[in-house]
Structure formats: C-alpha cells, structure tokens
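Residue numbering restarts at 1 for every chain, and letters A, B, ... go by the order of the sequence lines. Below, each value reflects all heavy atoms present in this structure, side chains not excepted, and no hydrogens, waters or symmetry copies.
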Amino acid sequence: MPEFWINMGPQHPMTHGLWNMKVKVDGETITDAKPEIGYLHRGVEKIAEVREFQKVIVLTDRLCYVSSITWSHAYCLAVEKMMGVEVPERGQYLRVIALELQRIASHLMWLAAYGPDLGLLTVLLWSLRERELFLDLIQLMSGARMNQNYPRIGGVRNDIPENFDAMCKRSIEHFLEKLDTDYEKMLHESKIFHMRTQGVGKISAADAVNWGVTGPNLRACGVNVDIRRLDPYETYEEIDFEPQVWKGPDAGDSYSRFICRFNEMRESCAIILQALEKMPKEGAYRTKPPRRAEGEGYVRTEDSRGEALFYVCGDGDDRPYRVKIRSPIFCTMAATPLMLRGNKLADSVAILGSIDVCVGEIDK
Amino acid sequence: MSAPLVPSLFGSCYILTGAIIWIVDKILYAIGYVIPPLNGPLAALGGWLASPAVLTFLTWFVMVLVMVIWAVLLNLLTMMWVERKVYSRLQDRYGIMISIWSLPLWPFNRRKDKATHRGWGFLQNVADGMKLLQKENIVPAAADSMMFSVAPAWIAGTTLMVFAALPWSSGLSVANLDLGVLFILAAFSLAPLGILIAGWSSNNTSTLVGGMRSAAMLMAYEIPLILAVIALVFTTGSLDPQTLVLQQEQTLVALGPVSIPRWNLFGPQVIGFIVFMVAIVAEMERIPFDLPEADAELVEGWTTELTGMRFGLVFGFKWLRMIAGAALLSILYLGGWSGPVFYTFYLGSVPIPIIPAEAWFMLRIYLLGIFFVLLSWAVPRVRIDQILNIGWKRLIPLALLAILVAAAARVFGYVG
C-alpha cells in the first residue's frame, strides 16, 4: 500500500476531546504527523477583557474541566500580584489542599482515559471510582464537583467544613491502599502494559526543553523541573515533598511519563496530609481585594499538566486590559510529531494518551 | 462415565420430524375432507412426505435448525450475558439489567407504569439485538456494495459452519466426521477472509488498516494452532472428536476412590496446550489480540462502517466463536464431555443421567469462557508487530518443540 494520511479526529475515540491528529502511515508505521487544534476555541482571553476581575474566574474554571481549581488559582495569583494583595496563611494552605486534591482528580481522569487507549477498560472504571473520593472531598470544600469556582482574588471562597481533615485522611488512606494493590497489579506488573508503553514515543530532554514541554512530561525526560520548587508560590516552601523525576533508563518514553504521573498522585497525597497538619486552625482565609487595579501581574504555576502561565495587565479599570494564558499542553502538542514519527499506528494512542491532552486548555 | 442426554441427535430429530409430518398429514387430510377433489393428490403428497427417504432428507434440515437454535439462540445469548455480567463485576458495577422484569406485560411488577430493572439482565442482549434490527442498514457511497454485504454473511456463515462438525456430546452433534477437528479448524480460519473483504470494501482508512491487520495476523496464530494439533495427533492418532474424548475418558492415575482421567493436558501435550490456548485467543479476536478492531486507534476497526444488524451479526458471532474455541479447547485437551455421572434414573426403560455429558461439556465451555473474559478485561491490547513477534518467535518454536516432545513420547510408548 502507498503511504496515506489517516485523520485521527476530530471525532475519534483516541482524541479525548475535539482535535485532530493527522498521521501519515506507511503500512502501520507512522512517517509523519500533524496536530490540528482550534475546534474548541472559545476566546477566553478576549472575553476576559470585558469582564470584571472576579467574573473572569468563571471563565478560567472552564479552561480545563478536569482541573478547574489549578487554572482559576493561577489567574487569581496573577491578579493578586498585580494588585499587591497578600493572602492570609490559612487561605494559602486551603489553596494548596484544593490544588493537590484537584491534581489527584485530574491525574485519575488521565489514568481513566489512558487505560481504554491501551484496550484496558477496567482501569477506566476503577480510576473513576477512586476519583469519586476526591471529587467528594472537593465538593466538601467548594460545594461543586465540576467547575468549582473556588479560588478568589485574595483567598478562597469559603472555609472547609468541620471534620474535613479526618475525612481527607480516611480517603487518602483508602486511596493509597488501592494504588498499592489494584493499580500496581493491573498496570505496573503487567507484561503487556510494559510492552505497549516502554520505548515508545521517546523524546530527548534537550528536544523536550526546546519544544517547551513542561510538567510531568518533562520530568519524565529526567529534567528536575517543578515550579512548586523552582518558583514557589503559596506555602509550597514550607511543605516537604519530592518532585517525581524519572531516573531510570529509557527517559522520555510513555512508560516514564506514566510512572511520573502515577507517583505524583502519591506525592500529592503526602502534600495534602502535611498541609492539613501545618495549616493554622483559626484565622481569616481571604482578604478583600481592591476593585480597580493598574499594573502587571505575571505568575507561573505547576498545573496538573505542566507549567501554566498567566499574565494579567490592568489599566486602572475594574477589568483586565489583557490576559495571556500559556497552557502546557498547547506547547507539548507541538512536540508530538517528534514523539510519533517512526512508531506504529497503535502507538499513537499510547503516546498521546500519556501526555494527558486536555483540549479545553489548548484551544482556550 | 457420563452418558449423553441426547443419545443421538439424528434419532431425536427423526422422531420430531415424523411428528411434524404426522400433523401435516392430518392437516392435508382435513383440507381434502373439505375440498373433496383435492383428496387424492393430497393423500399422495402426505404419503410421499412420510416415505423414509423424504423423512430422512427433512430430518437433516430439522437437525441443522435444532443445532442453530441450540448454539445461537441459547448458548450465544448465555455466553454474551456471562461476559457482560462478569466483566461488569470486575469493574465494580452491576452491568446489564434489562430482564424479564423490564417487560411491560410481566405480571409481577408492582409498578405498572414503569419498567423495573431488578432481574439478572438476561434479556439485555435481546433488547440490544432488537435495537440493532431497527437501525438503518447504511452502505457507504464509496463502498463496494456487493462485497460489503457479503462479508458479514461470510463471517456468520463460516462461524455457523464450525457447529456442523462440533459435537456437544457423543449424541448431540450434526455430523460426526473422521477429520472433525480439521474441519472445525478450517471453518474457523475462514473468517479472517471475511474481515479482509469487509475492511477493504468499506473504503475507509480505519477499516482498511483493520482488514490488513487481520490478514497480517492470520499466519502468526494460525500456524501455531495447526502445529499444536499436529503434536496432538502424535499422541492420539486421530482427529475424530469422538475418539479424542473416548481416549481421554480412560483413567490416568487412581488415587483411592478418585480417578484422574487421562486428559491430554496431563502429559507431554502441555506445551501444545499452552500454544493452542494463546492462539485460540487470537482466533476468537479477544482483547490482547483483537487488533483488527482496536477501538482505541481504529475507531471500531474493520466494523466501523457496518451498521444495523450487519454489525450485530459480526459483533454477536464473536461470542459464537468464543464458544467454539472453548469447546475445541476442551475436546482437544480437557476431556471433552467426559465426567462422572452420579446417578441414573430410568423413565420407563430410557436411562436419564442426572448429570449428562452435555452438562459437563457446557460447564467446561462456560468456565473457559469466564477465564477468557477475565483475561481479556485485565490486560491491554498488544501491538501488531508484537503479536507477530509472539506468533513467529515464541509460539511456532514452542509448537515445534511440542511436536518433538510428542513424537519422542510416542517413540517411548506414550499413546492416548
């Protein structure tokens, strides 16, 4: 057969959203690839210019529906920098807890999508089952399971309910036990899983840095980059945790990305437990921000998928003059042809699943 | 050793056909009574129908019909139900729920206005089939419409052909062939041609890749499958399912009151058993090896363009292939339908075994079915180059080793 293009998308089980990966195949081998995005463009940056600072949080929530809090938080942080608002310590700790709960929920959603990509539907159901634990916790904190609208400029919307730390500890204990028993047996010890993921979709550390790959995908290449450590925000300085960096051979393949993300869930559990202990029991969780502001705020945070960057510029009005969002997967998507070339057609799902695509934040 | 519930399918169907023809004869007589001029010809027709040659001829049709109803209507639905229920439990959910309680006419529902879902879900597959029947049969504009229509019929037909030679017990079989196992394997391996035709004629990139994968995989698992059977023939000296099972009914070791039967699994054939087991999973197109319809990367693979009951046929007959594969596995290696019969009671002079051979056979089929279900829902799908590696570099050498071992065992006097 001659080489031909296959459209994997926009309506395709592989895509997890609305985008198109055009792959050129020679028999089963991928010779070229071309990601096409933009199907979900909603113009968040432009809409933000006509809404007041507080009302933009609703939009940033919807940047990525599986990790709303991290995006809203990044926006709030940028606005706070611009306004010069200091968040009370309890508010900062609450944000850390919410962020890490959201990170685990997001990673579980990724795992739920990655299993069926490889033909393992059982992982989908199991991950969604465990995700319920964390959605329940997030619901206790913020009142909603999706699009929580929880961070506020100057703090968080509301305090946590009574007994939250006990419920948190119980859920995390159960979750860690499940990770060690069910998931390790189903994925880490599965020979076929190793066959499918090891050595496919390789990208070197230099290439990854040059193409702007960040987050767990970059740490899987063996580069120790974690914004929570490099450029600490909130109270991450006071919390003891280890960024999950792949140290073994075959850096930058699908398996290393899988392991980094998987271990990050454990690390997030440890962060939550520490934050619950170190959090001041009393005190304000939010301050009143000014209504109007002038200046520039720029912040980068560690999103579940990589480095999220927010730049907010105010001109003295009650709404931002310009909002710029840098989404991690938008940049990672540019590097996917590099990962795909030379692999088999079936590997395209093993690779694109492992980088954790979220179309909402790509298209903004 | 257990006796079959149906001593001879032909005999039973002969009686059944005779009864049907007797009723038809009476109807013809009644018509002749009402319309006297027709009396003579109708009586002649009735006599012709009841003549032994015609009766035998018609009995064959009834036999095929009975086997199709038995295999497709009963066992296929049951196997689908078992699969969907078992993997749902693995995934921590209830699974299918539409049962007889969901029918609006079922009298025991307390609420008459609303269907309840409280049964075991056996009728879900029937409901799904009804839904598929109502759907439009779409032939894509760019497709080769004749081949596109032929392919599902080809796959369904060849799969049913397996059951022409597949015995369910020493009595319950349509045809007892001397080379029955060979016929079954031949009929089994015809389906990939249908897959290739369907994939090619749909004129779609996904189906094309799926069809090509099927053709590429065919050699990788079909050769080890046949080689494993050749190794078996060294021990058994026969390809007749009846002979194979009779050989395996003998006692290998007697441990007090418990006697371990001489299954082909216990002995030098264990290597062949492993090869056959892996290859038959590929033959059934179950998940570690279901590359032609890899639904993650190829949408639905070669079935992407099939709609309505065309899709229903090829989708549902996968379970028929699973039944056939499990049955073949149990006939070749696991003693077929042999098993202890604990008590036989007599209805007049007809002996009725309390656990008939068919029950032992179906027990094996469904246990193997559950094993395959759990296997395929607990492992990811392999890649095309990996299944070729497994087939050519692992299974074929292993199968050759199995032949070597079986031949050596034969030299040293191990006979089935």
Review point. Tell me, do Trp377(B) and Leu121(A) make a side-chain contact under 4.5 Å, heavy atoms counted?
Key: yes

Review point. Should Glu28(A) and Met212(B) count as side-chain neighbours, where that means a heavy-atom distance under 4.5 Å?
Key: no

Exercise for review: Can you tell which part of Thr122(A) gets under 4.5 Å to a heavy atom of chain B, answering side chain, backbone, both or neither?
Suggested key: both

Review point. How long is the span from the CG atom in Asp385(B) to the NZ atom in Lys344(A), to the nearest 0.5 Å?
Key: 5.0 Å

Review point. Contact part of Met8(A) toward chain B, heavy-atom cut-off under 4.5 Å: side chain, backbone, both or neither?
Key: side chain

**Study point:** Neighbour count >12 (heavy atoms, 6.0 Å) for atom CZ, Phe122(B)
**Key:** yes

Practice item. Pick one of side chain, backbone, both or neither for Arg129(A), based on which atoms fall under 4.5 Å of a heavy atom in chain B. Key: side chain

Point to revise | Over 12 foreign heavy atoms within 6.0 Å of OH, Tyr366(B) | key: yes

Revision key, fill the gap. To the nearest 0.5 Å, atom CG of Asp347(A) lies from atom CD1 of Ile384(B) at 12.0 Å

Point to revise | Over 12 non-hydrogen atoms of neighbours within 6.0 angstrom of CZ in Phe262(A) | key: yes

Study note, to complete from the structure: Looking only at Asp117(A), Leu187(A), Leu125(A), most heavy-atom pairs under 4.5 Å shared with chain B are made by Leu125(A)

Study note, to complete from the structure: Note: Trp126(A) and Gln91(B) closest approach over all heavy atoms is NE1-CA, 3.8 Å

Point to revise | Top contributor to chain A contacts, counting heavy-atom pairs under 4.5 Å, from Asp92(B), Leu291(B), Leu298(B), Ile287(B) | key: Asp92(B)

Check your understanding: So does Trp5(A) have more than 12 non-hydrogen atoms from other groups sitting under 6.0 Å from CH2?
Key -> yes

Check your understanding: Taking everything shown except Glu173(A) itself, do over 12 heavy atoms lie less than 6.0 Å from its CD?
Key -> no

Check your understanding: So do Arg196(A) and Arg383(B) actually touch side chain to side chain, heavy atoms under 4.5 Å?
Key -> yes

Check your understanding: What distance separates Arg213(B) CZ from Leu345(A) CG, expressed to the nearest 0.5 Å?
Key -> 5.5 Å

Check your understanding: Out of Pro288(B), Ser206(B), Pro380(B), Ala216(B), which one racks up the most heavy-atom pairs below 4.5 Å with chain A?
Key -> Pro380(B)

Review point. With side chains defined as the heavy atoms from C-beta onward, is the minimum distance between Arg381(B) and Val349(A) less than 4.5 Å?
Key: no

Review point. Who among Lys191(A), His12(A), Gln11(A) has the most heavy-atom pairs with chain B under 4.5 Å?
Key: His12(A)

Check your understanding: Tell me, do Phe4(A) and Val209(B) make a side-chain contact under 4.5 Å, heavy atoms counted?
Key -> yes

